[in-house]
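In this text, all values refer to a predicted model and were calculated from it rather than measured experimentally. Residue numbers start from 1 in every chain, and the chains themselves are labelled A, B, ... in the order their sequence lines are given, proteins ahead of strands.
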Protein chains: 2
Amino acid sequence: MDNVQSDGMTKDQETRPPDGRFVDTYLLYLLAAASEKASSQFHSHVRKAGLRVPEWRALACLYENEGMMITELAELSLMEQSRMTRIIDQMDQRKLVRRVSDGSDRRRVLVKLTKEGKTLASRLVSDAREHEENLLSDLADTDAARIKPVLQVLLSRL
Amino acid sequence: MDNVQSDGMTKDQETRPPDGRFVDTYLLYLLAAASEKASSQFHSHVRKAGLRVPEWRALACLYENEGMMITELAELSLMEQSRMTRIIDQMDQRKLVRRVSDGSDRRRVLVKLTKEGKTLASRLVSDAREHEENLLSDLADTDAARIKPVLQVLLSRL
DNA sequence: AGAATTTATATGATTTTTCATATTAATTGG
DNA sequence: CCAATTAATATGAAAAATCATATAAATTCT
């Protein structure tokens, strides 16, 4: 409780007051932290549903958006192509997606949700929407209410 | 170029128009994508400086904030404790940090920047600030100008 | 057409990350 | 004070991610 400091220092080393730290005002940190913390609840829901986070990402990207190339899907899902290939392998084995070779360009593999994949995707997307609504309603009366357009503008400028 | 569709479908499968996809308006996706894409440039700068991203995170968290416990540092750096332990191992070997056992609680390890670590941290933090300024100045005239307070409010509610 | 280049996906080898748990030290409750 | 519990860090084994590159198909150039 008592926090005696023998020498008179200007910067508090212990019990640092709000925003004394670099990271607390650094945009890229705020983004990473916000993403991390805002997602953690839902990610544990995803795991309870038997998916790992990257699988959920692929599923969400495929939702109502079937027939994506591995490369497209990787880009949209924010992961590297070789990782996406392996994730699709696993989801294929679990019959959540199937690979269909693209007739017009035989290098390409179109990834499509199976019936089962669609069912799971719909369920989780609707859980995600509900979760998002709750999050947003907590922010309704704050500065953060406009977070979605803010992020969309940021993304459009990157 | 021409995008003939033989059957009359209501949902465009190809060349989807803006925001037809779930993820394009889903908050957690926008956060992840914004974080990912906003950081990628600077992360490659970090790697050119000879650090991996998690090391940079630890360094940034330690900047002007020495003597953190592994657990604290892990929490602040958004990573798991066992990973932080190993990252500190490596940074210790590279003499960027040193471990000091906490006299008042011998379970604890205080991580401190070495002289060399401080030098590197100052350099990268100032690069980060410059990079952030550039990012923000791109957003100055948009909706996204207030992104930092928006994220801070979001974080405070999580 | 055919060689050179580019694009899409897959894969082997390595490095990271995670998960569960061990170890050691402090704290709490009888 | 001792036993039980909680807390901080470390570590082995397993899983996942990355990196470089292979393979195969399409495109471009001459």
Side-chain angles (χ1 to χ4, degrees), chain A residues 1 14 32 35-36 39-40 43-44 46-48 50-59 61-62 66-94 96-112, chain B residues 1 14 32 35-36 39-40 43-44 46-48 50-59 61-62 66-94 96-112:
Chain A
M1 195 72 7
E14 302 101 39
S35 176
E36 195 60 28
S39 302
S40 72
H43 285 175
S44 82
V46 162
R47 279 182 288 262
K48 279 171 211 146
L51 286 181
R52 279 162 288 149
V53 170
E55 291 171 330
W56 153 239
R57 293 204 163 146
L59 207 70
C61 290
L62 285 167
E66 285 183 69
M68 297 187 78
M69 289 170 49
I70 297 269
T71 311
E72 281 174 348
L73 186 55
E75 159 72 13
L76 189 62
S77 303
L78 311 169
M79 63 182 100
E80 298 207 350
Q81 173 267 317
S82 70
R83 178 136 82 111
M84 182 53 80
T85 291
R86 290 186 230 251
I87 284 161
I88 293 302
D89 283 347
Q90 297 168 341
M91 295 177 77
D92 190 359
Q93 281 164 33
R94 288 182 57 184
L96 295 172
V97 300
R98 63 182 186 286
R99 290 175 206 257
V100 180
S101 139
D102 180 337
S104 70
D105 183 340
R106 287 170 29 259
R107 291 168 304 180
R108 295 183 181 172
V109 173
L110 298 179
V111 182
K112 306 200 180 203
Chain B
M1 197 74 3
E14 303 100 41
S35 176
E36 194 61 28
S39 301
S40 72
H43 285 175
S44 81
V46 162
R47 279 182 288 263
K48 278 172 212 146
L51 285 182
R52 279 163 289 147
V53 170
E55 290 171 332
W56 153 240
R57 292 206 164 144
L59 206 71
C61 290
L62 285 167
E66 283 184 70
M68 296 186 79
M69 289 169 48
I70 296 270
T71 311
E72 281 174 349
L73 186 55
E75 158 74 12
L76 189 63
S77 304
L78 311 169
M79 63 182 102
E80 298 207 350
Q81 174 267 317
S82 69
R83 178 138 80 112
M84 182 55 79
T85 291
R86 291 185 229 252
I87 284 161
I88 293 302
D89 283 345
Q90 296 167 342
M91 294 176 78
D92 190 359
Q93 281 165 33
R94 288 182 56 185
L96 295 172
V97 300
R98 63 183 186 285
R99 289 175 206 257
V100 180
S101 141
D102 180 338
S104 71
D105 183 339
R106 288 172 24 260
R107 292 169 304 181
R108 296 183 181 172
V109 173
L110 298 179
V111 181
K112 305 201 180 201

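Rounded to whole Å, atom P of D/dT9 lies 13 Å from atom CD of B/E75. Look at CG on B/L78: it is 17 Å from C1' on C/dT18, rounded to the nearest Å. A/E72 places its CD atom 15 Å from the P atom of C/dT7, with the value rounded to the nearest Å. Regarding B/M69, its CE atom lies at a distance of 11 Å from the P atom of D/dA10, rounded to whole Å. Atoms CZ (B/R108) and P (D/dA7) sit 11 Å apart, rounded to a whole Å. The CG-C1' distance, from A/D92 to C/dA10, rounds to 14 Å in whole Å. Residue A/D89 contributes atom CG, which lies 19 Å from atom P of C/dA8 at whole-angstrom precision. One interatomic measurement links the two molecules: CE of A/M68 to C1' of C/dA8, which rounds to 14 Å at whole-angstrom precision.
Counting only heavy atoms from C-beta outward, the side chains of A/L62 and A/K112 never approach each other to under 4.5 Å. Counting heavy atoms from C-beta on, the side chains of A/I87 and A/R57 never come closer than 4.5 Å.
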### Task
Test side-chain contact (heavy atoms from CB on, under 4.5 Å) on A/I88 and A/R99 and set out the steps.
CA-CA 8 Å; A/I88 293 302; A/R99 290 175 206 257; 3.8 Å; yes
### Task
Just do the side-chain contact (heavy atoms from CB on, under 4.5 Å) check on B/M91 and B/L59 with the steps written out, would you?
CA-CA 9 Å; B/M91 294 176 78; B/L59 206 71; 3.6 Å; yes
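Applying the 6.0 Å contact sphere to CD of B/E72 captures more than 12 heavy atoms from other residues, nucleotides or ligands.
Looking at B/E80 and B/R83, no side-chain N of the basic residue comes within less than 4.0 Å of a carboxylate O on the acidic one, giving no salt bridge.
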#### Entry: Contact state string [nucleotides 14-25 of chain D, B base, S sugar-phosphate only, - no protein heavy atom under 4.0 Å]
--SSBB-----B
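Among C/dT11, C/dA8, D/dT11, the nucleotide with an atom closest to any side-chain atom of A/T85 is C/dT11.
In this structure, A/M84 reaches neither bases nor backbone, as no heavy-atom distance under 4.0 Å exists between it and the strands shown.
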